[in-house]
Trainee: 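What follows is a structure written as structure tokens; I'll ask about it next.
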There are 2 protein chains.
Amino acid sequence: MIVIKTFLFKVINLKKATIKDVAQLAKVSISTVSNALNGVNVVKPQTKARILKAAHHLNYSPNLMGKQLRSGQTNTIGVFTDSVAGPYFYQLIETISQAVAAKHYGLSVTLANNHTALMNALLGNTCDGAIIFDHRVDDRDLEHLAGQGIPAVMLDRPVSGERLSSIVFDSFNESYLATQYLLKLGHRRLGYLAGYDNNRDNHERFSGFQQAILAAGLNLEDMVVLKGLFEEKASFEAMQTYLTTATAQPVTAFLAGNDLSAIGAIKAIQAAGQHVPTDYSVIGFDDIEIASYFQPALTTVHNPIAQQAQLAVTELIRLLTTKQWGQQQVLPGELKLRDSTAQC
Amino acid sequence: MIVIKTFLFKVINLKKATIKDVAQLAKVSISTVSNALNGVNVVKPQTKARILKAAHHLNYSPNLMGKQLRSGQTNTIGVFTDSVAGPYFYQLIETISQAVAAKHYGLSVTLANNHTALMNALLGNTCDGAIIFDHRVDDRDLEHLAGQGIPAVMLDRPVSGERLSSIVFDSFNESYLATQYLLKLGHRRLGYLAGYDNNRDNHERFSGFQQAILAAGLNLEDMVVLKGLFEEKASFEAMQTYLTTATAQPVTAFLAGNDLSAIGAIKAIQAAGQHVPTDYSVIGFDDIEIASYFQPALTTVHNPIAQQAQLAVTELIRLLTTKQWGQQQVLPGELKLRDSTAQC
DNA sequence: ACTATCATTGTATCCGGTTCCATTACCAAA
DNA sequence: TTTGGTAATGGAACCGGATACAATGATAGT
């Protein structure tokens with residue numbers, strides 16, 4: 001009999017202890033337990049001690065679902081994204097996590113594989129506010145969010161509204177200045193390694209590139225656009241193809257859609273027996289970790305990712321705690337001069 | 001009056017629509033709404049259509065807290081970690097996210113800044129099962145978890161139990177083999193760039209290093225241990241100090257606790273005007289992205305991170321769906337021969 | 001001793017869903 | 001017309017907590 005009892009005890013114990021169990025063991029009501037555990041200062045110290053002891057004995061930890069359902073607050077900030085791949089994201093999330101912790105919020109990163117799952121998570125009240133880095137979220141989705149009163153900060157698109165802010169990089173100007181720098185070095189025939197067609201950064205960077213060229217009084221027709229697709233491999237192949245079909249008046253400098261693209265291009269140039277920056281200058285975007293380790297060290301545009309992350313959290317908490325409107329913030333980047341660019 | 005009404009309407013509308021609102025608008029009970037929206041096949045098509053229309057009109061999306069509280073299921077797998085920094089984590093999480101999506105689970109990554117927050121999140125029923133990559137979780141915590149019936153897979157420590165599995169790399173053997181390789185190249189005086197004292201990987205790697213040396217009949221006293229702390233800067237300084245105090249019979253090869261450490265050491269060697277691998281051979285661990293871009297390309301131990309991630313998800317789902325016991329799995333790494341090692 | 005006051009504790013409701021079970025409506029067979 | 005059966009819908013309990021409010025008990029003032 002004793003054996004069976006022990007077994008039953010174990011099975012019963014497998015079920016998570018609830019506030020009811022704690023109340024029963026401490027011989028008080030559940031409301032008193034709730035008060036004691038949440039630091040409401042009305043419980044007699046003696047009773048509180050008994051409750052804490054009971055809670056500890058039962059390995060009690062509150063069910064967050066119940067807690068959050070009733071209180072309507074999660075005390076959690078959610079980051080929603082379609083991809084955690086790449087160095088950008090983890091630099092971002094690292095600072096976000098620190099900033100969120102400093103403000104005594106919890107952090108939850110949700111990776112949704114499709115749009116429905118994303119919106120469900122976003123609208124499912126699993127967080128008090130959202131930081132969104134997801135290209136699939138369109139304006140209609142944002143309207144939904146706003147309608148449900150969930151504050152959000154967008155990182156990949158400039159938007160703003162009643163409870164909606166955005167913090168983006170100044171891709172156009174960065175590109176404009178980088179291109180200007182290549183022109184200043186004496187290059188007159190430039191190439192652009194394009195990223196994805198529907199990507200905002202790609203679009204802005206390409207526009208900046210074009211505008212700088214026009215502003216210098218040069219002809220866009222002399223320029224070359226290669227499909228780099230933001231990838232090393234695609235850029236390598238695109239550059240390889242270009243090099244074999246090079247004309248008499250070849251391009252001497254390339255602006256790449258991002259660093260990976262720049263690296264792929266440089267590898268193709270090197271594989272063809274030519275040199276960077278002697279034969280070609282190349283500039284990237286993002287200043288990923290590899291950029292400074294690469295040979296030659298990459299001249300690239302550095303975006304203040306940590307600053308963006310910090311601002312995103314600050315701004316979201318502002319939206320959460322005040323009833324003020326959201327705003328658009330644009331952060332300027334910086335051209336890091338390294339060894340992949342030289343005088344023409 | 002109309003203006004005020006409109007205003008009131010707006011304010012009311014700001015509140016999220018609940019299942020009750022949908023029921024009211026569709027003129028049915030909430031249970032029917034629930035059935036209709038969850039695909040229970042008892043609702044008359046006509047009614048269902050009316051409900052769907054109402055739900056859409058109200059921008060209704062269910063509150064996940066309520067849903068999960070009642071059903072006791074979250075359909076979500078949680079990843080719990082103390083740090084997302086570094087390339088290891090994002091390679092890991094990328095594969096995890098794909099695997100989880102393929103199994104039709106949601107994914108939530110929780111970054112807890114302190115132990116209490118971590119355990120609260122872990123024990124708060126916010127996920128059906130957990131993948132834990134957090135050095136702060138000790139055996140007592142795991143007992144808690146087991147006691148609450150939450151299945152978990154540990155990634156940084158070999159453990160197993162009723163609902164607990166682990167998937168770790170074979171750090172000891174990897175280190176043993178890497179050291180053996182250095183010995184095979186003719187090196188007789190070796191150095192180890194140590195990581196954190198309390199880190200399991202560091203401990204295993206150091207043990208493997210020592211055992212390989214002993215097995216070769218060499219004397220441990222001839223070996224050198226530098227404090228690299230898994231960081232580039234600390235390793236740079238440790239190596240710099242070592243080089244200035246070098247003896248007549250210097251070490252010719254180093255095993256570093258990780259790649260960053262190896263890179264720091266190599267930079268110090270180069271800064272001192274010497275060369276790798278001509279003067280010193282250096283081996284790292286992890287095969288981070290930079291390793292192959294670095295000059296010289298780093299000889300390092302490659303761990304099958306994607307495989308670990310895939311197995312973690314598969315194993316966790318096994319624990320979730322069957323009542324079988326957990327297990328320990330150890331994955332072998334592979335020594336990637338590149339350009340930072342040479343014959344003595 | 002009686003009562004007002006305050007410190008504690010208990011009761012009941014609610015949060016937003018799911019789900020079991022009862023109820024209703026409808027139709028065909030007797 | 002009655003009955004039986006099934007399809008469709010509604011009612012109510014419940015998940016685990018928080019919280020407003022009621023109730024209790026103790027203490028002190030008169």
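Everything quoted here is computed from the prediction, not taken from an experiment. Letters A, B, ... are given to chains in the order of the sequence lines, protein chains preceding strands, and every chain is numbered from 1.
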Trainee: Specify the separation, in whole Å, of atom CZ of B/Arg50 and atom C1' of D/dA8.
Mentor: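 So the CZ-C1' distance, B/Arg50 to D/dA8, works out to 12 Å.
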Trainee: Between P on C/dT18 and CD on B/Gln73, what's the gap in Å once rounded to a whole number?
Mentor: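 Checked: the CD to P distance equals 13 Å.
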Trainee: Name the one of B/Asp139, B/Asp141, B/Asp201 that satisfies salt bridge (Lys or Arg N to Asp or Glu O under 4.0 Å) with B/Arg157?
Mentor: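 Passing option: B/Asp139.
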Trainee: Without decimals, in angstroms, what is the distance between B/Gln68 CD and D/dC14 C1'?
Mentor: 17 Å
Trainee: Over all strands shown, is B/Val42 touching base, sugar-phosphate only, or nothing at heavy-atom distances under 4.0 angstrom?
Mentor: base
Trainee: Does one side chain, of B/Asn63 or B/Lys16, offer a donor that lies under 3.5 Å from an acceptor on the other?
Mentor: no
Trainee: At under 4.0 Å between heavy atoms, how does the protein contact nucleotides 16-26 of chain D? Give one character per nucleotide, 5' to 3', with B, S or -.
Mentor: BBBB-------
Trainee: Expressed as a whole number of angstroms, how long is the span from B/Asp21:CG to C/dG16:P?
Mentor: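 Interatomic distance, CG of B/Asp21 to P of C/dG16: 9 Å.
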Trainee: Roughly how far apart are B/Ile96 CD1 and B/Leu155 CG, rounded to 0.5 Å?
Mentor: 6.0 Å
Trainee: Which whole-number value in Å describes the distance from B/Asn41 CG to D/dA8 P?
Mentor: 9 Å
Trainee: If we ignore angles and hydrogens, is there a donor and acceptor under 3.5 Å between the side chains of B/Lys67 and B/Asn75?
Mentor: no
Trainee: Measure the acute angle between the ring planes of A/Tyr88 and A/Phe133, then classify it against the limits of 30° and 60° as parallel, tilted or perpendicular.
Mentor: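 Tilted.
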Trainee: Once side-chain hydrogen bond (donor to acceptor under 3.5 Å, both in side chains) is applied, do any residues pair with A/Arg70, and if so which ones, sequence neighbours excluded?
Mentor: none
